[in-house]
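This is the structure, below, for whatever I ask next.
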Amino acid sequence: MAAGLSTKRLMKELADINTKGTPPGIVLHSADSMQEWIFLISVLGEETIYRGETFALRMKFGNRYPIEVPEVTFLANAEYQPPLHPHVYSNGHICASILGNEWSPVLNAVAICITMQSMLASNTKKERPEGNDRYVRTAPSNPKLTRWHYDDDVSSVEPGRKGDE
């Protein structure tokens, strides 16, 4: 039943995107399956430090979506690099409460994109989070397995991972 709910919800979201479009600066790049979608995100405006840059945001949807948050990362490959941002690690992992304890099933893929776009738009300094290299060396492939510590100004990882206790 849960897998059916996930697919049904994603089909509705995709239909909404196809009929209503996405907000300015957000483009659905690929949705070849109901398991993984990629959006391209640009920050609009003359004042942004990301002017002219485009970032690829990958969402992997599990069978329990929208009850559980999707796995969300910025792509880090030959074509796309994650933004330099205090909450974005060089492997594409994102420390954002909406992707953790503030997730709600009323949110959707476009809402995640808007949040990421807003997070980038409000940034004033291109830099990696403190401890980026250490985190990237030991990070799980799925950022949902990281125990994040949420703070408005600083991204950090608590010692250990979920399930290590």
* Asked: Got a salt bridge between Asp16 and Lys12, using NZ or NE/NH1/NH2 to carboxylate O under 4.0 Å?
  ->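 Between Lys12 and Asp16 there is a salt bridge, with a charged N closer than 4.0 Å to a carboxylate O.
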* Derivation of the side chain to side chain donor-acceptor pair (under 3.5 Å) call for Ser90 and Asn132 -> CA-CA 7 Å; Ser90 59; Asn132 175 76; 3.1 Å; yes
* Would a distance-only check, ignoring hydrogens and angles, find a side-chain to backbone donor-acceptor pair under 3.5 Å from Gln117 to Pro24? ->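 Indeed, once roles are kept as given, a pair shorter than 3.5 Å links the two residues.
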* Taking the side chain as every heavy atom from C-beta outward, state whether Glu36 and Met59 have any atom pair closer than 4.5 Å. =>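 No, side chains not in contact.
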* Can you find a pair of side-chain heavy atoms, one from Thr146 and one from Pro140, that are under 4.5 Å apart? ->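 They are in side-chain contact.
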* To do: May I ask you to check whether Tyr135 and His93 show a side-chain donor-acceptor distance below 3.5 Å?
  =>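 Yes.
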* Below 4.5 Å, heavy atoms only, C-beta onward: do Pro83 and Phe74 meet side chain to side chain? ->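 Result yes, sub-4.5 Å side-chain heavy-atom pair found.
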* Exam field: side chain Thr115 to backbone Ala111, donor-acceptor pair closer than 3.5 Å ->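 It does hold such a pair.
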* To do: Find out whether Lys126 and His85 are in side-chain contact, i.e. whether some heavy atom of one side chain is under 4.5 Å from a heavy atom of the other.
  =>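 The answer is no, as the side chains (C-beta and beyond) never meet within the 4.5 Å cut-off.
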* Are the side chains of Leu40 and Ile26 in touch, meaning some heavy atoms are under 4.5 Å apart? ->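 Leu40 vs Ile26: side chains apart.
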* Check: Tyr50 ring centroid to Phe55 ring centroid under 6.0 Å ->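 Tyr50 vs Phe55: aromatic centres under 6.0 Å.
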* Hey, what do you get for CZ (Arg134) to OH (Tyr89), rounding to the nearest 0.5 Å? ->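 Output value for this atom pair is 8.0 Å.
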* Answer yes or no: is there a side-chain heavy-atom contact under 4.5 Å between Pro23 and Ile114? =>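 Yes, close enough: below the 4.5 Å cut-off.
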* Taking the side chain as C-beta and beyond, is there a heavy-atom pair between Leu14 and Met34 under 4.5 Å? ->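 Result yes, sub-4.5 Å side-chain heavy-atom pair found.
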* Asked: Are Asn108 and Tyr65 side-chain neighbours, meaning at least one heavy-atom pair lies under 4.5 Å?
  ->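 SC-SC contact between Asn108 and Tyr65 confirmed.
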* **Donor-acceptor pair between Tyr80 and Glu53 side chains, under 3.5 angstrom** =>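 There is no such pair (donor and acceptor under 3.5 Å, judged by atom type) between the side chains of Tyr80 and Glu53.
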* Whether Ser33 side chain and Gln35 backbone form a donor-acceptor pair below 3.5 Å ->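 The answer is yes, because a donor-acceptor pair under 3.5 Å joins these two groups.
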